Amino acid sequence: MSKMILANLKMYQCTKEEVNNYINKLKGVKNKFIVFPSVIYLEKFIQNNFICGVQNASAHDPGPYTSEISVHALKNIGAKYILLGHSEVRQNMSEDDELINAKIKQALNNKLKVILCIGENLEAYNQSQTKNILKNQILKALKNITEEIIISYEPIWAIGTGKTPTNNEIEDIVSYIKSLFDYDVKVLYGGSVSEQNINQLNLVPNVDGFLIGKAATTPGSLIKIIEVAEK
Ligand code: 13P
């Protein structure tokens with residue numbers, strides 16, 4: 001089975017021109033990856049039949065929550081997936097495990113497929129604390145949840161830095177994560193995946209796909225990554 005490819009466009013694209021250009025260049029591979037655009041362009045991607053996810057959403061049912069966006073609304077316009085627990089959201093928006101747990105429940109109640117992002121910082125990595133950190137994040141985020149979700153392992157120190165763990169390290173962590181679940185959980189890798197390193201990263205035997213940030217904003221790079229990952 002070919003791997004899952006997820007394009008997390010973060011807050012990179014800001015103009016209609018950029019988005020239109022992106023959609024035109026990637027039309028031919030739109031069934032081969034899942035795009036997580038800025039929410040203001042979500043409908044545009046959906047109208048063009050891209051498979052879409054969202055980068056975050058409210059933990060609450062529709063109601064008096066100024067500025068928040070309900071999962072119900074996102075599902076209604078056609079989102080299929082949601083990223084939760086991304087390290088940038090944990091850091092910049094102060095989301096803790098309890099809130100992430102509430103958001104996962106909200107998303108699952110609305111039948112969105114959840115990608116839970118987990119990862120250790122450089123200090124924890126250097127102190128060989130990675131597995132403890134990941135286990136803790138998983139246990140807290142998935143408290144009282146039995147539905148199946150997808151995990152994305154994204155070491156914080158590898159995001160946007162051009163650094164990645166070795167293939168052996170990724171394989172070891174992925175098999176550890178899989179051992180924590182009683183179903184056949186899909187585990188993705190994210191963090192500086194690029195057209196330069198995808199050949200090597202694609203050799204990790206137990207990874208089920210890749211979550212790509214910066215490189216996914218360049219259509220040519222994303223197409224190369226998709227080509228390699230589907231081999
Ligand atoms: P980069 O690919 O830019 O390192 O970002 C990874 C990421 O955070 C994907 O969610």
Side-chain angles (χ1 to χ4, degrees), residues 3-14 18 22 26 32-39 41-42 45 50-57 74 79-95 100 103-104 107 112-122 124-125 130 133-134 137-138 141 149-167 169-170 173-174 177 186-202 204 207-229:
K3 299 198 171 78
M4 292 181 77
I5 298 293
L6 277 57
N8 176 10
L9 303 184
K10 305 193 180 186
M11 202 179 72
Y12 282 114
Q13 294 178 339
C14 299
E18 280 174 282
Y22 191 80
L26 287 165
K32 298 187 173 183
F33 73 107
I34 303 159
V35 63
F36 296 78
S38 163
V39 77
Y41 294 117
L42 179 64
F45 278 89
F50 281 70
I51 308 163
C52 289
V54 291
Q55 299 174 20
N56 202 355
L74 296 165
K80 300 266 188 286
Y81 292 82
I82 184 166
L83 290 180
L84 290 170
H86 195 284
S87 60
E88 286 157 6
V89 182
R90 290 182 196 253
Q91 280 168 12
N92 300 334
M93 300 168 88
S94 306
E95 286 201 3
I100 293 163
K103 290 188 174 193
I104 295 175
L112 282 190
K113 295 197 174 94
V114 171
I115 294 105
L116 170 63
C117 302
I118 55 173
E120 81 287 3
N121 63 21
L122 188 58
Y125 172 76
T130 301
I133 302 276
L134 300 182
Q137 287 174 340
I138 289 171
I149 56 131
I150 297 164
I151 297 283
S152 185
Y153 170 51
E154 299 202 290
I156 296 169
W157 54 269
I159 295 177
T161 59
K163 295 185 183 137
T164 59
T166 64
N167 279 17
E169 285 174 319
I170 298 174
I173 293 298
V174 169
I177 293 168
K186 281 194 184 353
V187 182
L188 317 177
Y189 169 78
S192 292
V193 177
S194 67
E195 62 179 298
Q196 284 76 31
N197 62 23
I198 187 63
N199 277 296
Q200 183 198 324
L201 290 171
N202 199 45
V204 180
V207 159
D208 297 298
F210 299 100
L211 176 53
I212 305 140
K214 186 81 171 78
T217 64
T218 306
S221 297
L222 183 58
I223 289 169
K224 289 227 172 80
I225 291 168
I226 290 170
E227 280 170 2
V228 173

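What you see is a predicted model, and the numbers here were worked out from it, not measured in a lab. Just follow the structure's listing: the first ligand is 1, and inside any ligand the first atom is 1.
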Could you give the N/O to N/O pairs under 3.5 Å linking ligand 1 and the protein, each with its distance?
residue, atom, partner, partner atom, Å
ligand 1, 2 (O), Gly213, N, 2.9
ligand 1, 3 (O), Lys214, N, 2.9
ligand 1, 4 (O), Gly160, N, 2.7
ligand 1, 4 (O), Ser192, N, 2.8
ligand 1, 5 (O), Lys10, NZ, 3.1
ligand 1, 8 (O), Lys10, NZ, 2.8
ligand 1, 8 (O), His86, NE2, 2.8
ligand 1, 8 (O), Glu154, OE2, 3.4
ligand 1, 10 (O), Asn8, ND2, 3.0
ligand 1, 10 (O), His86, NE2, 2.9
ligand 1, 10 (O), Glu154, OE1, 3.3
ligand 1, 10 (O), Glu154, OE2, 3.0

Set of side chain to side chain donor-acceptor pair (under 3.5 Å) partners for Asn56, sequence neighbours left out: Glu95, Lys103
Plane angle bin for Tyr125 and Trp157 - parallel if under 30°, tilted between 30 and 60°, otherwise perpendicular: tilted
Smallest separation among heavy atoms of Ile5 and Lys32, with atom names: CB-O, 4.0 Å
Exam field: side chain Tyr41 to backbone Cys14, donor-acceptor pair closer than 3.5 Å: yes
Spacing of Asn121 atom CG and Ile156 atom CD1 [to the nearest 0.5 Å]: 5.5 Å
4.5 Å side-chain heavy-atom contact, Ile173 and Glu120: no
